[in-house]
Every structure is written in C-alpha cells, then in structure tokens.
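Single-structure report; data block below.
In what follows, residues are counted from 1 in the order of the sequence shown. Every value quoted in this text rests on a predicted model; they were computed, and no experiment measured them.
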Amino acid sequence: MSVITLIGGHGKVALRTTPLLVDAGYSVASVIRNAEQSGEIESAGATPVVADVEQLDTEALAELFAGSDAVIWAAGAGGSGPRHTWGIDRDAAIRSIDAAQQAGVARFVMVSYFNSMLEDGEVPGIEPEDDMYAYYNAKSQADEHLRNSKLDWTIVGPSALTLEEPTGHITVDNSGANRDVEVTSTSRANVAAVIAATLEEPASIGTVLSFHDGDTPIAQAVAQGN
C-alpha cells in the first residue's frame, strides 16, 4: 500500500482530501501541530502525526517523510500574520521540498493559489504594504523552488475557496491573464478531488493546475494538464 504524508492535515481542504485518498487505497499519515485534532484525523481515515513543520529542520522533515511514496503540502499560516506566513508558506514549504528529495520521496503535490507566479522574483501588482503581500509571495516563492527541484511535482492552484458542494467539474486556466481570484471560485471539495486525481494521473507531473469551478470533469482536466 502506498503511503502519503499529508502536511496540514486538519485544514478544510486536507480533511476533505483524506477520505478520497483512503478510498483510493492509500495509507495517509496526516501531519498536524495540535494533538487535540487527532480524533478528527482518525475519523477521516488517516493516522495522525503530531509535528510542527515550522520548527523542524530539513533533516527532521526528511525523517518524517521516510517511507512515504508522496508528500502533499496543504499547510498554511491561515492569517496568523506575516512572520508565520513567511515561516510556514515559504520557509517550511521549501524545507519540505528539500526534505522530500533527501528522503527519496519522488512525488510532491503542492496546494497553492490561482495563477501563482513570479516576475523578477516577486508577484506582480502586489505592494509590500498589501495585506496579502506575504501570502502571495511566500506561496509563489515556494512554488518556484518546487518547479526547480528534481521531484515529480504538481502545483494545484485553486481560485477563491468556498464551502459549496463539489461539482466534480473545473476549468483549468494557466494563462496568467486573470490573477484576480475574487472573479472566480472553487469549492474546497473540488480542490480535494483535484489533489486526489493528480496522484492517479502521471500526466499531471510537472504541471501547474490553476483552476476554478467549471465545465470539465476533474479527471479529464487533470489529465490534460497545462
């Protein structure tokens, strides 16, 4: 049985992803910071692993990933301020990418945001005083590090997230023309389905899937990639 390490396992997307992975036959090690969340992780079908990825160095993360067939990064600072945003969404994510390579884990799926990309090292149009500056740049810099790695990577970039029921259909838009995530949205349940689909679809390796709810069945959209 393939083992998946899911980082940020108590997040709204991760908790929706876990049962899909379990149903697909994976064993899921779900990394959480708060041991009190273990019951919800177990109810979703995963094994809770209590660890603070913000505090772990690359070697410790590599030990955490040992024996895994894939790592899914679904963690985030969750509005806890710029310091934690840089510390988790960029620095810990980058250490996790390096740790996966060190541990011999080939597959890495990154949950990012719609049309994350850099121009001259920064996200265009976002000024440092903007409340979202740290988030957009931290995520984009981690994505860039992943793209430059030797891992079999996929970047999942949903637009504005909702709690709507899953439609099972999305539209992939990697043009970069539309960077305003408020224009379009996608349900967290659809995001979970996309994550699960990437692990089943070799064609998703090396692709960035920027998407919102749309008209294409998820499996087909993931197979078509970018």
Side-chain angles (χ1 to χ4, degrees), residues 3-22 26-103 105 107-113 116 131-143 145-146 149 151 153-158 161 163 188-189 191-192 194-196 199:
V3 177
I4 308 297
T5 296
L6 175 58
I7 304 174
H10 191 255
K12 293 182 176 67
V13 168
L15 284 173
R16 288 164 170 78
T17 304
T18 300
L20 302 180
L21 299 176
V22 173
Y26 295 104
S27 174
V28 181
S30 187
V31 180
I32 53 175
R33 186 170 55 182
N34 186 350
E36 295 180 356
Q37 299 166 345
S38 295
E40 291 178 81
I41 299 302
E42 291 170 345
S43 295
T47 300
V49 178
V50 180
D52 186 349
V53 296
E54 187 178 11
Q55 302 303 321
L56 298 182
D57 62 17
T58 302
E59 287 69 27
L61 286 164
E63 290 181 14
L64 191 68
F65 299 159
S68 298
D69 297 284
V71 171
I72 299 172
W73 177 276
S80 57
R83 183 171 69 86
H84 286 297
T85 297
W86 290 113
I88 295 174
D89 292 291
R90 181 189 63 186
D91 299 340
I94 286 174
R95 289 197 301 274
S96 294
I97 293 163
D98 294 342
Q101 295 180 99
Q102 184 172 315
V105 181
R107 192 74 170 97
F108 199 107
V109 178
M110 173 72 77
V111 181
S112 186
Y113 72 94
S116 70
D131 289 342
M132 295 298 289
Y133 177 85
Y135 174 79
Y136 286 142
N137 280 280
K139 294 293 290 182
S140 295
Q141 289 172 29
D143 292 352
H145 191 78
L146 180 58
S149 76
L151 294 168
W153 57 267
T154 304
I155 295 172
V156 174
L161 299 174
L163 292 172
R188 287 174 171 86
V191 179
V194 170
I195 295 168
L199 294 176

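Side-chain contact between Val109 and Val71: absent, with no pair of heavy atoms (C-beta onward) separated by less than 4.5 Å. Considering only heavy atoms from C-beta on, Lys12 comes within 4.5 Å of Leu163 through its side chain. Using a 4.5 Å heavy-atom threshold, the side chains of Ile7 and Ser96 count as touching. Ile195 is listed as a side-chain neighbour of Ile72, based on a closest heavy-atom distance under 4.5 Å. Taking the side chain as every heavy atom from C-beta outward, Leu6 and Val31 never approach each other to under 4.5 Å. Contact annotation: the side chain of Phe108 never approaches that of Ile155 to less than 4.5 Å [non-hydrogen atoms, C-beta and beyond].
A distance of 9.0 Å separates CG of Asp91 from CD of Gln141, quoted to the nearest 0.5 Å. Note: Ile97 CD1 to Trp153 CH2 = 10.5 Å, rounded to the nearest 0.5 Å. In this structure, CD1 in Ile94 is found 9.5 Å from CG in Asp143, a value given to the nearest 0.5 Å. Note: Asn34 CG to Ile32 CD1 = 7.0 Å, rounded to the nearest 0.5 Å. A distance of 9.5 Å separates OG1 in Thr17 from CG in Leu199, rounded to the nearest 0.5 Å. Considering CD of Glu40 and NE2 of His10, their distance stands at 3.0 Å, rounded to 0.5 Å.
The minimum heavy-atom distance between Gln102 and Ala62, with the atom names listed, is NE2-CB, 3.8 Å. The nearest pair of heavy atoms linking Pro48 to Glu42 is CD-CG, 3.6 Å. Nearest heavy-atom pair across Ile41 and Gly9 is CD1-O, 3.4 Å. Closest approach of Asp89 and Ala75 over heavy atoms only: OD1-O, 3.8 Å. Nearest heavy atom pair, residue Val22 against residue Gly45, reads CG2-O, 3.5 Å. Nearest heavy atom pair, residue Trp73 against residue Ile88, reads CZ2-O, 3.4 Å.
With hydrogens and angles left out, the side-chain atoms of Arg107 and Thr154 include a donor and acceptor closer than 3.5 Å. For the residue pair His145 and Asp98, a side-chain donor N or O sits within less than 3.5 Å of a side-chain acceptor on the partner.
A donor-acceptor pair under 3.5 Å is formed between the side chain of Ser149 and the backbone N or O of Leu146. The main-chain N or O of Leu56 is found under 3.5 Å from a side-chain atom of Arg95 such that the two form a donor-acceptor pair.
Ring pair Tyr113/Tyr135 is tilted by interplanar angle, where 30° to 60° counts as tilted.
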